[in-house]
Undergrad: 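What follows is a single structure, and I will ask about it in a moment.
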Amino acid sequence: MKIIIVGDGKVGATLTEQLSKEGHDLTVIDRRPQALQSLQETYDVRCVCGNGAAMGALEEAGAGEADLLIAATSADEINLLCCITASKMGSASTIARVRNTDYAQQLDLLKDELGLSMTINPERTAAREIYHILRAPSSVNRDFFAGGKVELVELHIPQNSAIVGQPLSKLYKKSGAKVLICAVTRGDEVVIPSGDFVVAAGDNIHVTAQPQDMAVLLRYLGIKTPRIQAVTILGGSRIAYYLATRLMSTGVRVKIIEKEYETCRHLSQLLPGALIIHGDATQKVLLDEEGLRDADALVSLMNFDETNAIVSMYAMQQGLPKVIAKIDRIDYMNIFKKMDVQTFISPKRLICNHVLRYVRAMTASSGSSFNTMYQLVGGRVEALEFTASPATKYLNVPFKDAPVRSGVLIACILRRQKVIIATGNDCIQDSDTVILVTTSEMQVSDLNDIFQ
């Protein structure tokens, strides 16, 4: 696909990296020549230096023939103008990053008139992700498939867990839960396991199951699922505002600690039900005075990854049941996990996933329709959801007899509202929803891609 990215900030650079890996024809527009030079030295992309909202720069980038334009500058208005202009010039699809909530209602009404295919909001997306994790605090991360009928949950295995030292085949029999462990992270190693794989203490396992079966598995593993009633948020960012709004709507008590006085004053007006504390959240004395130990969860949303990691480690030492840290640099993830900080949120990575889902859906052939994608383990593993069509290969052929490619694990099938945890005797039927896990290098964009 021919894709134009306007803006080489955090989101734009992440999208460039991922879409370049997938082999798309990329052109990046940015005002900063130094940023573009660095980009060209790293990736095989074409660069245009200029204003992405101006017709001249868009013409030079080939907007009239583009399959997709993504406007990801720091200014909402510029992003919207980019998309309007590119759409009028002939770009097939446009995506705009829009962060200002004041525009939300207008965009819903004017989406077609503005030529928008999709809008993305990193902060709101991150807040929604954190909220889902806090609703299931025993998990490291939590994603949903098939309209919420199937969960993909990442769990950290403690030393005394019943699963330690046991092959997965025994776990499935002993737990009585219809689940499938589709990926295991052990240090820097990522494994898509078979039934004879033996789990060790400290592993992170990715499990697919229906919510009721997930609850059975958690009880068997001895993992408690306490209800979150009080959350402390460090940093008064947009993410903090969106998250606090969601939490308070469900009766959760929220405390926000923010260093800037004006931000505190603004938040106190927007969130009258929250307790806003003016102070430096990096100070241990302040955290202790504000009752950090009494919170059920801590969410660190400050500006620097290192600060979020250090404060998160201190909170874990104080025995908080759930700690979540925001990070911008994905390459820090494994370092922080070695420090026992398990749950991270990366807004730019979440937005990248949303755009990749859209791109995969655009490139899918007639073999299936592409529904959902989640990237796991820093993008090294992908969980994908497709709907089979009459053009899908090997319909009604048991998986044990079909030439499924190595490195692909078919996790489950949704057939007429029934969830099937897939075995070698199962098969794909027309109109099935199929959820599979594979390494990101395979670049599966259609269900037929899983077959040799």
Side-chain angles (χ1 to χ4, degrees), residues 1 3 14-24 120 125 129 132-133 139-147 150-155 179-186 188-194 197 204-209 330-331 333-334 344-365 367-388 392 399 404-414 421-422 428 432-452:
M1 286 177 58
I3 301 174
T14 304
L15 287 169
T16 300
E17 176 187 3
Q18 188 62 48
L19 293 170
S20 177
K21 287 180 182 177
E22 301 206 356
H24 295 287
I120 51 179
T125 302
E129 188 79 6
H132 286 318
I133 295 171
S139 64
V140 175
N141 284 300
R142 186 184 185 202
D143 298 310
F144 299 91
F145 292 97
V150 177
E151 293 182 337
L152 173 59
V153 175
E154 182 180 357
L155 301 171
V179 303
L180 183 67
I181 297 178
C182 49
V184 179
T185 309
R186 180 176 295 169
D188 295 333
E189 182 185 10
V190 180
V191 179
I192 296 179
S194 60
F197 182 87
N204 278 21
I205 62 173
H206 299 262
V207 188
T208 52
I330 303 300
D331 48 342
M333 185 178 295
N334 287 335
F344 299 96
I345 289 295
S346 171
K348 65 179 183 180
R349 177 64 67 180
L350 291 171
I351 287 302
C352 184
N353 287 349
H354 277 285
V355 174
L356 285 177
R357 291 174 204 168
Y358 186 84
V359 172
R360 296 276 183 93
M362 289 181 69
T363 57
S365 68
S368 63
S369 62
F370 181 88
N371 302 334
T372 305
M373 179 196 74
Y374 294 105
Q375 289 194 328
L376 315 175
V377 201
R380 296 164 66 186
V381 175
E382 292 181 347
L384 307 157
E385 178 185 322
F386 297 92
T387 300
T392 301
F399 294 128
V404 179
R405 293 168 64 186
S406 175
V408 173
L409 179 65
I410 298 171
C412 67
I413 298 168
L414 179 66
I421 300 298
I428 300 172
D432 280 353
T433 296
V434 182
I435 299 166
L436 57 94
V437 176
T438 183
T439 57
S440 56
E441 288 82 5
M442 296 189 71
Q443 297 183 14
V444 175
S445 59
D446 186 272
L447 199 50
N448 284 336
D449 293 341
I450 72 172
F451 300 109
Q452 293 178 1

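Predicted model, so just to flag it, every value in this text is computed and none were measured.
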Undergrad: Given side chains that start at C-beta, do those of Leu376 and Glu154 come closer than 4.5 Å, heavy atoms only?
TA: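 The answer is no, as the side chains (C-beta and beyond) never meet within the 4.5 Å cut-off.
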Undergrad: Taking all non-hydrogen atoms of both residues, which atom of Ala383 and which atom of Leu152 are closest, and how far apart?
TA: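 Taking every non-hydrogen atom into account, CB-CD2, 3.6 Å.
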Undergrad: Any side-chain to backbone donor/acceptor pair from Glu385 onto Ala146? Under 3.5 Å, distance only.
TA: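 Such a contact is found between Glu385 side chain and Ala146 backbone.
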Undergrad: Assess the residue pair Val437 and His206 against the criterion (side chain to side chain contact (heavy atoms under 4.5 Å, CB included)); give the C-alpha distance rounded to whole Å, side-chain angles, the decisive distance to 0.1 Å, and a yes or no.
TA: CA-CA 10 Å; Val437 176; His206 299 262; over 6 Å; no
Undergrad: Give the C-alpha distance, both sets of side-chain angles, the deciding distance and a yes or no for side chain to side chain contact (heavy atoms under 4.5 Å, CB included) between Thr392 and Asn448.
TA: CA-CA 6 Å; Thr392 301; Asn448 284 336; 3.9 Å; yes
Undergrad: Let me confirm one number: the CZ-OH distance from Phe370 to Tyr358, rounded to the nearest 0.5 Å.
TA: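 The distance works out to 13.0 Å.
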Undergrad: How close do Ile192 and Gly407 get, counting heavy atoms only, and between which atoms?
TA: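 Heavy-atom minimum between the residues: CD1-O, 3.5 Å.
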Undergrad: Find the distance between CZ (Arg186) and CZ (Phe197) and round it off to the nearest 0.5 Å.
TA: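 With rounding to 0.5 Å, CZ (Arg186) is 4.0 Å from CZ (Phe197).
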Undergrad: Would you give the length of the straight line joining atom CD of Glu17 to atom SG of Cys352, rounded to the nearest 0.5 angstrom?
TA: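 Separation between the atoms: 8.0 Å.
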Undergrad: In sequence, state the C-alpha distance, the side-chain angles, and the governing distance for Arg360 and Glu382, and then conclude on salt bridge (charged side-chain N to carboxylate O under 4.0 Å, His left out).
TA: CA-CA 12 Å; Arg360 296 276 183 93; Glu382 292 181 347; 2.9 Å; yes
Undergrad: Per the side chain to side chain contact (heavy atoms under 4.5 Å, CB included) rule, which among Leu414, Ile413, Ile435 passes with Val150?
TA: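 The single option meeting the side chain to side chain contact (heavy atoms under 4.5 Å, CB included) with Val150 is Ile435.
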Undergrad: What is the distance from atom CG of Leu447 to atom OG1 of Thr433, rounded to the nearest 0.5 Å?
TA: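 Nearest 0.5 Å value for the CG-OG1 distance: 10.5 Å.
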Undergrad: Report yes if some heavy atom in the side chain of Val184 is under 4.5 Å from a heavy atom in the side chain of Asn204; otherwise report no.
TA: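 No, side chains not in contact.
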Undergrad: Grab the two heavy atoms, one from Arg405 and one from Asp449, that are nearest each other, plus how far apart they are.
TA: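 Where Arg405 meets Asp449 most closely, the heavy atoms are NH1-O, 2.7 Å.
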Undergrad: Less than 4.5 Å apart, side chain to side chain, heavy atoms only: is that true for Arg349 and Gln18?
TA: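 They are in contact (side-chain heavy atoms under 4.5 Å apart), so the answer is yes.
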Undergrad: For Asn353 versus Met373, what's the shortest heavy-atom pair and its separation?
TA: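 It is O-CE, 3.7 Å.
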Undergrad: Does Leu180 offer a backbone N or O that forms a donor-acceptor pair with the side chain of Thr208 under 3.5 Å?
TA: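 Side chain of Thr208 to backbone of Leu180, a donor-acceptor pair under 3.5 Å: yes, one is there.
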Undergrad: For Leu356, which of Leu15, Leu19, Ile351 qualifies under side chain to side chain contact (heavy atoms under 4.5 Å, CB included)?
TA: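 The option that passes is Leu19.
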Undergrad: Mind running side chain to side chain contact (heavy atoms under 4.5 Å, CB included) on Thr125 and Ile120 for me, showing each step along the way?
TA: CA-CA 8 Å; Thr125 302; Ile120 51 179; 6.0 Å; no
Undergrad: So do the side chains of Phe344 and Val140 get within less than 4.5 Å of each other, counting heavy atoms only?
TA: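 The answer is no, as the side chains (C-beta and beyond) never meet within the 4.5 Å cut-off.
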Undergrad: Out of curiosity, Asp143 CG to Ile133 CD1, how far, rounded to the nearest 0.5 Å?
TA: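 The distance works out to 8.0 Å.
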Undergrad: Is there a donor-acceptor pair under 3.5 Å between the side chain of Tyr374 and the backbone N or O of Arg142?
TA: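 Between the backbone of Arg142 and the side chain of Tyr374 there is no qualifying donor-acceptor contact (under 3.5 Å).
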Undergrad: In Å and rounded to the nearest 0.5 Å, what is the CZ to CD distance from Arg380 to Glu189?
TA: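 Rounded to the nearest 0.5 Å, the CZ-CD separation comes to 9.0 Å.
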Undergrad: Report yes if the side chains of Cys182 and Val207 come closer than 4.5 Å at any heavy-atom pair, otherwise no.
TA: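 Answer no - side chains too far apart.
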Undergrad: Which heavy atom in Leu384 sits nearest to a heavy atom in Phe386, and how many Å separate them?
TA: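 In terms of heavy atoms, the two residues are closest at CB-CE1, 3.7 Å.
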Undergrad: Does Ile450 reach the side chain of Thr438, with side-chain heavy atoms less than 4.5 Å apart?
TA: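 Result no, sub-4.5 Å side-chain heavy-atom pair not found.
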Undergrad: Ignoring hydrogens and angles, tell me if any N or O in the side chain of Asp432 forms a donor-acceptor pair with the backbone of Val434 under 3.5 Å.
TA: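 Judged by distance alone, no pair lies under 3.5 Å.
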Undergrad: What closest approach, in Å, do Ile421 and Cys412 show between heavy atoms, and which atom pair accounts for it?
TA: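 Scanning both residues, the minimum pair turns out to be CD1-CB, 4.0 Å.
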